[in-house]
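Quick note on labels: first sequence line is chain A, next is B, and so on, each numbered from 1.
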Number of protein chains: 4
Amino acid sequence: MRVEQARSRTRRQRILDGAALTFSRRGYRATSVDDIAEASATSKGGIYFHFPNKEAIFLALLEGMAALLHDRMERAMAEATGPEAKLDAALLTMLHTFGAHRTLARLFLVDAMGANREFSARIMEIQEGFVALIERQLQEAIAEGALPAVDTEITSVAWFGALLQVVTRWLLAGKPADLNDAYPALRALLLRSVALPAANRLQAMTA
Amino acid sequence: MRVEQARSRTRRQRILDGAALTFSRRGYRATSVDDIAEASATSKGGIYFHFPNKEAIFLALLEGMAALLHDRMERAMAEATGPEAKLDAALLTMLHTFGAHRTLARLFLVDAMGANREFSARIMEIQEGFVALIERQLQEAIAEGALPAVDTEITSVAWFGALLQVVTRWLLAGKPADLNDAYPALRALLLRSVALPAANRLQAMTA
Amino acid sequence: MRVEQARSRTRRQRILDGAALTFSRRGYRATSVDDIAEASATSKGGIYFHFPNKEAIFLALLEGMAALLHDRMERAMAEATGPEAKLDAALLTMLHTFGAHRTLARLFLVDAMGANREFSARIMEIQEGFVALIERQLQEAIAEGALPAVDTEITSVAWFGALLQVVTRWLLAGKPADLNDAYPALRALLLRSVALPAANRLQAMTA
Amino acid sequence: MRVEQARSRTRRQRILDGAALTFSRRGYRATSVDDIAEASATSKGGIYFHFPNKEAIFLALLEGMAALLHDRMERAMAEATGPEAKLDAALLTMLHTFGAHRTLARLFLVDAMGANREFSARIMEIQEGFVALIERQLQEAIAEGALPAVDTEITSVAWFGALLQVVTRWLLAGKPADLNDAYPALRALLLRSVALPAANRLQAMTA
DNA sequence: GATGAATGAGAGTTCATTCAT
DNA sequence: AATGAATGAACTCTCATTCAT
């Protein structure tokens with residue numbers, strides 16, 4: 001990598017960091033490009049050198065986060081064996097990641113919607129990526145006989161929605177105070193919903 | 001009621017109708033007060049006579065819709081007996097209502113988020129109303145011994161999230177083409193998640 | 001005319017006046033909408049209530065001036081009899097009008113060009129209006145036998161160009177100091193160019 | 001000349017070529033320095049090494065073209081004998097040159113105006129150069145007795161204006177389709193305007 | 001000589017809100 | 001009650017110019 005590229009990447013990253021900060025503090029709309037410039041110690045022109053417009057910054061941020069989470073979940077599930085363990089891995093990864101990056105979670109779950117009509121399509125695609133990840137696991141488990149046959153499409157969508165809602169509620173209503181507190185009940189609920197007995201694994205998990 | 005009041009209520013309603021139309025067509029942000037004025041055959045000044053600001057129109061709309069849906073669900077569940085029947089009632093009411101008012105659903109689920117930071121708190125409250133409604137039913141069923149003891153809080157939140165996600169996906173990704181197609185699998189999933197056997201009831205339902 | 005219309009027209013006119021002033025002082029590009037707002041004692045928003053954009057103000061100005069000049073020339077020529085007298089009428093009207101409104105002339109002749117690519121088409125149309133006016137007179141004079149047959153198209157274009165250049169030179173180079181000083185030689189030149197003897201009429205004219 | 005100088009001249013010329021291309025395609029204002037850099041396969045910094053600012057590029061271009069045309073006209077007239085022949089030479093040179101370089105003509109005639117207030121003064125000077133060229137010829141012809149005494153100043157200005165207008169109209173209105181079609185009528189008109197019989201020479205010309 | 005990342009002033013335009021009528 | 005002209009702050013985006021490398 002050449003030096004100029006490295007420097008450019010630094011600046012670009014600084015802009016993304018500044019944008020993440022201000023977006024999550026004030027929301028997408030309420031954040032002006034000037035705000036981002038200030039938060040990233042750059043100039044407005046500098047921002048427009050690296051990104052074609054404000055929306056692109058948001059999208060870059062969103063996609064970066066989605067890719068990170070997606071990757072983490074995938075890796076965690078790959079290391080786990082058996083449906084319950086895989087669910088645990090995915091669930092905990094999600095709760096931990098969102099729990100540790102409250103501001104980014106807000107960005108991802110709240111601001112992403114409604115900000116712009118063209119946005120929502122992209123958001124949906126990103127969400128579908130996660131749904132697909134879940135669905136693939138379910139299908140494999142069913143194929144292996146580790147899981148009774150269920151409608152994997154609706155199940156994965158519903159699971160994802162359930163998770164998002166729990167996180168969103170934590171974000172906006174502050175309940176539960178610690179996002180991880182939702183884990184046991186959520187785990188049990190999801191396992192039951194695919195007719196898996198949850199009790200013993202839960203013990204193993206928390207042990 | 002005096003005549004002017006009646007007329008005023010008419011005007012107010014016309015504004016709400018016009019707003020619902022334009023909001024759902026273009027989104028909250030992209031809709032100007034001028035647009036609403038035009039769509040409701042009023043003037044800008046007239047709108048500001050009836051509502052303190054643009055946000056209030058959106059909120060009034062949102063709360064009206066929420067109250068309607070809340071009421072319908074409550075009534076439908078009151079008429080049903082037994083947990084499965086109540087779930088069916090609620091589920092079908094929701095799917096039918098959203099399915100019949102696609103544009104309003106979009107407003108409710110997509111635009112409501114992210115539009116404004118102060119908004120989201122109110123949105124959360126509205127959502128909590130639905131969650132509470134579900135939770136109450138679950139608690140009653142458990143008290144009656146019709147349902148095994150589960151974490152009603154997480155369950156109701158998760159159920160609501162699952163539903164929203166299914167509807168949102170239908171709105172933004174067009175899947176499934178007919179929202180009602182999601183019903184059987186969703187029903188089975190939710191029942192299973194609270195350890196209720198779904199099979200026979202489903203047959204009874206569709207019979 | 002209703003009162004509101006009258007008031008609106010007043011404001012609209014004030015904007016046009018302010019725009020004429022600033023455009024001719026600083027040029028089209030260098031004039032900001034803020035400048036126009038200040039010069040017309042209005043607000044930026046007020047300007048955008050009356051005109052869709054900056055360009056429309058310029059065009060309105062341009063077309064107003066063109067219509068005025070066109071009208072004046074047409075009327076002056078209608079009152080004159082015979083080709084020489086008509087030429088005199090037109091020529092003097094043009095020189096007097098431009099001479100009396102130096103700033104508007106500048107706008108018309110200098111800024112109109114080059115300001116915007118889409119502009120020039122409209123400018124050409126306006127110019128063609130004047131060319132057509134001249135050509136019509138030439139054709140009538142030829143039809144009446146008062147003028148030998150000449151190529152009326154090229155003649156009218158060339159005459160118009162000659163006039164514009166004399167005025168432009170006066171504007172930008174300050175030569176001649178008094179625009180009217182160009183009249184006698186210009187008159188003689190144009191008459192000669194269509195094979196009319198100029199001498200005696202000129203004497204009558206200046207007498 | 002050292003190698004670097006040669007290379008530098010090459011680069012400078014490449015910039016001028018690229019600028020001519022983009023200026024004439026999009027107009028002066030709409031052309032950014034980035035556009036020029038791209039069109040001349042240089043960098044922005046490189047451009048600012050060779051020219052102090054954007055305006056200077058335009059001016060250099062303009063003056064180069066003017067000098068070329070001036071030179072061609074001067075040479076063509078020097079080779080011709082007699083007023084009619086000289087007029088023919090100049091006229092044809094101008095029409096041919098502009099006709100062959102439509103985009104440059106546009107630059108010269110349309111964009112040059114209005115681009116900038118300080119510009120117009122320079123443009124006027126350039127135009128005065130052509131006017132002076134014409135005037136000198138007229139004066140010589142009068143001195144030789146080949147032409148009756150006329151106001152050479154106004155005549156040369158008017159001639160130049162007539163020519164410009166014919167060319168501008170061709171550029172912007174597309175009339176006449178072929179610029180050379182304007183030649184015979186224009187020639188006749190101009191000759192008549194200085195009391196020269198045109199007919200026989202025209203025949204000689206086209207023969 | 002050449003590069004292109006960075007700057008920052010400034011542009012046109014939008015629009016929620018106000019208020020005289 | 002209703003109107004719509006008027007306001008002005010705020011926005012996104014552009015671009016000529018600079019300068020470290």
_By nearest heavy atom, map Thr31(C) and Ala41(D) onto DNA chain E; which one lands nearer the 5' end?_
Ala41(D)
*Using a 3.5 Å limit on both pairing distances, list the dot-bracket string of DNA chain F from the 5' end; Watson-Crick and G-U wobble pairs count, crossing pairs take [ ], interstrand pairs take |.*
.||||||||||||||||||||
*asked:* Going by side-chain contact (heavy atoms from CB on, under 4.5 Å), Leu172(A) matches just one of Gln127(B), Arg122(B), Met124(B). Which one?
replied: Met124(B)
*Give the nucleotide from the list dT3(E), dA6(F), dT17(F) with an atom nearest to the side chain of Arg11(D).*
dT3(E)
*asked:* Tell me every residue that passes side-chain hydrogen bond (donor to acceptor under 3.5 Å, both in side chains) with Asp34(D), counting only those two or more places apart in sequence or in another chain.
replied: Lys44(D)
_Atom-pair distance (CG on Asp34(C); C1' on dT7(F)), nearest Å_ = 13 Å
*Atom NE2 of His50(D) and atom P of dT17(F): how far apart are they, to the nearest Å?*
17 Å
*How long is the line joining CZ of Phe58(A) and P of dT12(F), in whole Å?*
14 Å
*Distance, rounded to the nearest Å, where Phe23(B) contributes CZ and dC15(E) contributes P*: 13 Å
*Hey, which sits more toward the 5' end of DNA chain F by its nearest nucleotide, Gly45(C) or Asn53(A)?*
Gly45(C)
_What's the closest nucleotide to the side chain of Ser43(D) if the choices are dT3(F), dA2(E), dA6(E)?_
dA2(E)
*Specify the separation, in whole Å, of atom OH of Tyr28(D) and atom P of dT14(F).*
19 Å
*Between atom CD in Glu55(D) and atom C1' in dC15(F), what is the gap in whole Å?*
15 Å
*Whole-Å gap separating P (dA2(E)) and CZ (Phe51(D))*: 12 Å
*Looking at residues at least two apart in the chain, or sitting in another chain, which of them share a side-chain hydrogen bond (donor to acceptor under 3.5 Å, both in side chains) with Ser40(D)?*
Thr42(D)
*asked:* Within a 6.0 Å radius of atom CD on Glu38(C), are there more than 12 heavy atoms belonging to other residues, nucleotides or ligands?
replied: no
_Both Gly46(C) and Tyr48(A) contact DNA chain F. Taking the nearest nucleotide for each, which residue is further toward the 5' end?_
Gly46(C)
*Given atom CD1 of Ile47(A) and atom P of dT12(F), what is their separation to the nearest angstrom?*
10 Å
_Using the side-chain hydrogen bond (donor to acceptor under 3.5 Å, both in side chains) criterion, which residues pair with Glu128(D)? Sequence neighbours excluded._
Arg169(C), Lys175(C)
*Sequence-distant partners of Ala19(D), side-chain contact (heavy atoms from CB on, under 4.5 Å), two or more places apart*: Phe23(D), Ile36(D), Ile57(D), Leu61(D)
_Once side-chain contact (heavy atoms from CB on, under 4.5 Å) is applied, do any residues pair with Ala66(D), and if so which ones, sequence neighbours excluded?_
Phe108(D), Ile126(D), Phe130(D)
*Would you classify Lys44(C) as touching base, sugar-phosphate or nothing, given that sugar-phosphate means primed atoms plus P, OP1 and OP2, and contacts are heavy atoms under 4.0 Å?*
base
